[in-house]
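Worth saying up front: this structure is predicted, and the values here are computed from it rather than measured. What's counted below: heavy atoms across the whole structure, side chains too, no hydrogens, waters or symmetry copies.
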Amino acid sequence: GLAFEIGTHAPDGPGCLILNSQDIRVTSAAPAENGQNSLQGTITDMERVRRGMELSIDIGAPLCAQVNETVVEALGLTVGSTVWASFKADACQFVPK
């Protein structure tokens, strides 16, 4: 039920969106930038990984974002925090069902 802007031509309809967790920007307020997907969600899990923290975010579908620990500290992120997850249209691929 979610709609995304993608950087390549793909048929409309259901499918799977594939993107790198490092291409997702996490903020506490809606970004003002255009030309990207921005979705509000809730952090459901946080796990330390080699290059920072992996955040599991419920945007109506599961999304994993990898961020630097300084972002987590600066925004005061915890499980249950409401965040905005943003990524550029050309950072994702769509695989139709």
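- Applying side chain to side chain contact (heavy atoms under 4.5 Å, CB included) to S56 and the options V79, T42, T44, L63 leaves one that passes, T44.
- Qualifying side chain to side chain contact (heavy atoms under 4.5 Å, CB included) partners for L75, counting only residues two or more places apart in sequence or in other chains: S28, V71, L77.
- Here OG1 of T82 is found 11.0 Å from CD1 of I57. Values are rounded to the nearest 0.5 Å.
- Between the OG1 atom of T70 and the CG atom of N68 there is a distance of 3.5 Å, given to the nearest 0.5 Å.
- When the shell of 6.0 Å around CD of Q40 is examined, it contains more than 12 heavy atoms from other residues, nucleotides or ligands.
- Scanning all heavy atoms of the two residues, the minimum distance from V72 to M46 falls at CG1-CE, 3.5 Å.
- Across every non-hydrogen atom of Q36 and F87, the tightest pair is CB-O, 3.2 Å.
- Closest approach of A61 to L2, counting heavy atoms only: CB-CD1, 3.9 Å.
- Residues satisfying the side chain to side chain contact (heavy atoms under 4.5 Å, CB included) test with P96, not counting sequence neighbours, are P11, F94.
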Side-chain donor-acceptor distances from residues 17-27 under 3.5 Å, at least two apart:
| from | atom 1 | to | atom 2 | distance (Å) |
| --- | --- | --- | --- | --- |
| N20 | OD1 | Q22 | N | 2.8 |
| R25 | NH1 | E33 | OE1 | 3.4 |
| R25 | NH1 | E33 | OE2 | 3.1 |
| T27 | OG1 | A29 | O | 2.8 |

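- Residues satisfying the side-chain hydrogen bond (donor to acceptor under 3.5 Å, both in side chains) test with S38, not counting sequence neighbours, are S86.
- Among residues two or more places apart in sequence or in another chain, the side chain to side chain contact (heavy atoms under 4.5 Å, CB included) test is passed with V49 by E54, Q66.
- Expressed to the nearest 0.5 Å, how far CG of L55 lies from OG of S81 amounts to 9.0 Å.
- Sorted by first and then second residue, the salt bridge (Lys or Arg N to Asp or Glu O under 4.0 Å) pairs involving residues 67-81 (not counting sequence neighbours) are R48-E69.
- Linking ILVMFWY side-chain heavy atoms closer than 4.5 Å, directly or via other members, places I59 and V67 in a single hydrophobic cluster.
- Of all non-hydrogen atoms in P31 and W84, the two that sit nearest each other are CD-CB, 4.1 Å.
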